[in-house]
Amino acid sequence: MEVVDKSKVYFVGAGPGDPELITLKGYRILQQADVVIYAGSLINPELLNYCKPEAECHDSAYLHLQQIIQLMVDGIHNDKLVVRLQTGDLSLYGSVREQGEELAKQEIGFRCIAGVSSFLGAAAELGAEYTVPEVSQSLIITRMAGRTPTPELESLELFARHQTSMAIFLSVKGIAAVVDKLVTGGYPTDTPVSVVYKATWPDCQVVKGTLADIARKVTDAGIQKTALILVGRFLGEEYHYSKLYDAEFCHEYR
Ligand code: SAH
């Protein structure tokens, strides 16, 4: 088991919601934490039950970047184990980069502990596979441009040309605009779509439809946040068995 290095901030991926979907490594670090800064709007508060009773827990929803950094710096200077707990995995829309840059200015390093991203939790919730032989072999993870713009070459319209599987983050509020862009880009209107709200939480909700009717269904369900828009024929009826477990295929790759 890795020895914890208290001179560094530990960024821990909390998983999509179910408190059992944090990694064992993340869990162990949380158990030892003295200071925890968690993203309150998305993190399941039950995860904080893993912490010591005397651990200081701060909800970052009420803090701006400099305040978050200050808490980290103060903790490290007082020889405390500082954990930054963020939803899903850190590598997607996690703003780890900017926090890391600010810490570097104070000569503090960091370590990242991977988490289960919500797009994985959502697929598990549906029992679906993003890669179906001969139907789709790629997954595009993206978001619609919002307050944070997306580069021009990454517009939903351009991605839609591939007609492959897509997991769209941070965009459910604009579902009607998302659908417009996907259809303009090239997906047929009968392409299946599932919107998964709070994947792996007890109050998870799944809305299924096609590009023709999903916007209305999602609006009727009142879903405005914490949801993923999953698009593509991987959600449809068509499938083909893979060659991997074909009796005629050699075992080397299994
Ligand atoms: N790093 C996170 C994403 C952070 S951005 C991850 O790996 O999942 C926040 C967005 O993630 C939300 O707007 C929503 O689109 C998605 N999200 C996070 N948790 C979710 C969940 N349990 N179910 C569905 N979508 C979720």
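All heavy atoms count here, side chains included; hydrogens, waters and symmetry mates do not. Remember, it's 1-based here, ligands and their atoms both numbered in the order they're listed.
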List the atom of Leu235, the atom of Pro192, and the distance in Å for their closest heavy-atom pair.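 Looking at all heavy atoms of both residues, the shortest contact is CB-CB, 3.7 Å.
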Is a side-chain N or O of [X] found less than 3.5 angstrom from the main chain of [Y], in a donor-acceptor match?
X: Gln67; Y: His64; value: yes
X: Ser95; Y: Glu98; value: no
X: Tyr187; Y: Lys181; value: no
X: Ser117; Y: Leu120; value: no

Proximal ligand 1 atoms for [X], defined as those under 4.0 Å from one of its heavy atoms:
X: Val196; answer: 24 (C)
X: Lys198; answer: 21 (C), 22 (N), 23 (N), 24 (C)
X: Gly88; answer: 6 (C), 7 (O), 8 (O)
X: Trp201; answer: 22 (N)

Do the side chains of [Y] and [X] get nearer than 4.5 Å, heavy atoms only?
X: Leu126; Y: Lys208; result: yes
X: Val206; Y: Tyr197; result: no
X: Thr148; Y: Arg143; result: yes

Discussion item. Nearest non-hydrogen contact with atom 26 (C) of ligand 1 belongs to which option: Ser118, Gly94, Ala39?
Written reply: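 Checking each option, the heavy atom nearest atom 26 (C) of ligand 1 is found in Ser118.
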Quiz prompt | Selected option - heavy-atom contact closest to atom 13 (O) of ligand 1, from Ile168, Val172, Leu170, Thr200 | solution =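 Comparing heavy atoms across Ile168, Val172, Leu170, Thr200, the nearest one to atom 13 (O) of ligand 1 lies in Leu170.
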* Is there a heavy atom in Gly17 that sits closer than 4.0 Å to ligand 1? ->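 The answer is no, since Gly17 has no heavy atom less than 4.0 Å from ligand 1.
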Close N or O approach ([X], ligand 1; < 3.5 Å):
X: Leu92; result: yes
X: Phe119; result: no
X: Tyr93; result: no
X: Asp89; result: yes
X: Phe169; result: no
X: Ala199; result: yes

List the closest protein heavy-atom neighbour of atom 2 (C) of ligand 1: residue, atom name, distance to the nearest 0.1 Å.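 The closest one turns out to be Thr87 O, 3.3 Å.
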Among protein heavy atoms, which lies nearest atom 22 (N) of ligand 1, and at what distance?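 Checking every protein heavy atom, the shortest distance to atom 22 (N) of ligand 1 gives Pro16 O, 2.8 Å.
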> Would Lys105 and Glu101 pass as an ion pair if we require N to O under 4.0 Å?
Replying inline: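 Salt bridge: no.
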Going by an N to O cut-off under 4.0 Å, is there a salt bridge joining Asp74 and Lys80?
->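 Not counted as a salt bridge, because no side-chain N and carboxylate O are separated by less than 4.0 Å.
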Discussion item. Once you restrict to heavy atoms under 4.0 Å, what part of Ala227 touches ligand 1? Side chain, backbone, both or neither.
Written reply: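 For Ala227, only backbone atoms sit under 4.0 Å from ligand 1.
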